[in-house]
Amino acid sequence: GIQVEQSPPDLILQEGANSTLRCNFSDSVNNLQWFHQNPWGQLINLFYIPSGTKQNGRLSATTVATERYSLLYISSSQTTDSGVYFCAGRGNTPLVFGKGTRLSVIA
Amino acid sequence: EPEVTQTPSHQVTQMGQEVILRCVPISNHLYFYWYRQILGQKVEFLVSFYNNEISEKSEIFDDQFSVERPDGSNFTLKIRSTKLEDSAMYFCASSVGQMNTEAFFGQGTRLTVV
């Protein structure tokens, strides 16, 4: 099955800073999703983005399917953005998750 | 907005006991999934279910696990004889199709085996 690598594994930001999280895939995917896991453990759907660019408020995501990577941009970060960000991709197998990026936003 | 709901949100059980985790997928979805996340680790696929049968399962999904859609709305995961290492967050998900469609996840059930 596909391998999903996320970077960086950990990120500490000052409130108001911008960040870029990256997700690389070992093979082509037909489904690519980004999630935020909040401190209570809930997985929040952020984007379904097998290709192209989408924006939702301060968050945006871009997937370049031909180069097998996706980026999640967080602008003007807030303390409530803290948590773990997962990307997950699907090829011929069910969704495979990366290990996540743990983001801490400090006031 | 439709959502996947899971109950209970937290369950504590004695080692060796059976537990049933419940999920109500989004009503027009046809594919259902269970995933688990051991504390501090990544989310791992357990099983997918379509047309009242298992369509795929991982190595984790051994004989102590079973899934069922007992009626038109619920989707359950049963763990027959729980072990300490079954302690994890269990997520249910559903999707309209198998490929090229978004999977929607429930809020999770935190299972603690003592």
Side-chain angles (χ1 to χ4, degrees), chain A residues 1-10 21 23-52 54 56 61 63 65 70 72 83-104, chain B residues 1-11 21 23 26 29 31-50 54-61 67 87-112:
Chain A
I2 63 168
Q3 306 296 315
V4 179
E5 289 188 12
Q6 290 188 245
S7 59
D10 295 280
L21 282 55
C23 184
N24 290 332
F25 295 90
S26 60
D27 205 344
S28 53
V29 295
N30 54 55
N31 174 347
L32 189 294
Q33 296 184 228
W34 282 96
F35 300 88
H36 175 217
Q37 187 165 42
N38 64 22
W40 296 271
Q42 298 171 335
L43 278 177
I44 311 298
N45 284 43
L46 295 178
F47 293 102
Y48 168 68
I49 186 165
S51 64
K54 287 186 179 178
N56 184 2
T63 297
S70 185
L72 178 69
V84 183
Y85 290 81
F86 290 102
C87 69
R90 181 188 177 109
N92 294 321
T93 57
L95 272 180
V96 175
F97 282 73
K99 292 184 177 180
T101 292
R102 181 172 299 277
L103 175 65
S104 300
Chain B
E1 186 176 321
E3 59 181 16
V4 177
T5 57
Q6 291 185 240
T7 54
S9 56
H10 190 184
Q11 176 142 10
L21 310 182
C23 169
I26 294 173
H29 287 188
Y31 291 82
F32 315 119
Y33 312 88
W34 284 101
Y35 286 76
R36 104 177 163 186
Q37 183 186 31
I38 294 171
L39 186 63
Q41 298 186 21
K42 68 177 184 179
V43 180
E44 302 173 290
F45 168 73
L46 291 178
V47 65
S48 61
F49 193 84
Y50 168 72
I54 291 173
S55 49
E56 292 174 274
K57 60 181 181 178
S58 71
E59 292 175 352
I60 304 168
F61 193 86
V67 288
S87 294
M89 183 77 109
Y90 288 82
F91 293 101
C92 173
S94 69
S95 62
V96 171
Q98 188 178 31
M99 306 279 192
N100 305 98
T101 59
E102 184 175 5
F104 292 83
F105 282 70
Q107 78 277 22
T109 292
R110 187 175 299 282
L111 176 65
T112 304

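Just so we're clear, the structure is a prediction, and the values are computed from it rather than from any experiment. Here is how names work: the chains are called A, B, and so on, in the same order as the sequence lines, proteins then strands, and each is numbered from 1.
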Legend entry - B/Glu102/A/Lys54 ion pair, N-O < 4.0 Å: no
Inset, instruction - With a 4.5 angstrom heavy-atom cut-off, could you sort out which part of B/Glu44 is near chain A: side chain, backbone, both or neither? - result: neither
Legend entry - Gap between atom OH of B/Tyr35 and atom CG of A/Leu95 - 0.5 Å precision: 4.0 Å
Legend entry - Step-by-step side-chain contact (heavy atoms from CB on, under 4.5 Å) determination, B/Val43 to A/Phe35: CA-CA 11 Å; B/Val43 180; A/Phe35 300 88; over 6 Å; no
Inset, instruction - Answer with side chain, backbone, both or neither: which region of B/Thr101 has an atom nearer than 4.5 Å to a non-hydrogen atom of chain A? - result: backbone
Inset, instruction - Report the distance from atom OG of B/Ser95 to atom CZ of A/Arg90, rounding to the nearest 0.5 Å. - result: 7.5 Å
Inset, instruction - Check whether any side-chain N or O of A/Tyr48 sits under 3.5 Å from a backbone N or O of B/Ala103 as a donor-acceptor pair, and report yes or no. - result: no
Inset, instruction - Please name the pair of heavy atoms, one in B/Arg110 and one in A/Trp40, separated by the smallest distance, quoted to 0.1 Å. - result: NH2-O, 3.7 Å
Legend entry - Pair A/Phe97 + B/Phe105: ring centers closer than 6.0 Å: yes
Legend entry - Proximal component of B/Met99, with respect to chain A [non-hydrogen, under 4.5 Å]: both
Legend entry - B/Tyr31 portion near chain A, given a 4.5 angstrom heavy-atom threshold: neither
Inset, instruction - Calculate, to the nearest 0.5 Å, the distance between atoms CD and CG belonging to B/Glu56 and A/Asn92 respectively. - result: 9.0 Å
Legend entry - Side chain / backbone / both / neither for A/Asn31 at chain B, heavy atoms under 4.5 Å: side chain
Legend entry - NZ on B/Lys42 to CD on A/Gln6, rounded to 0.5 Å: 9.5 Å
Legend entry - Residue A/Pro94 versus chain B: region with a heavy atom under 4.5 Å: both
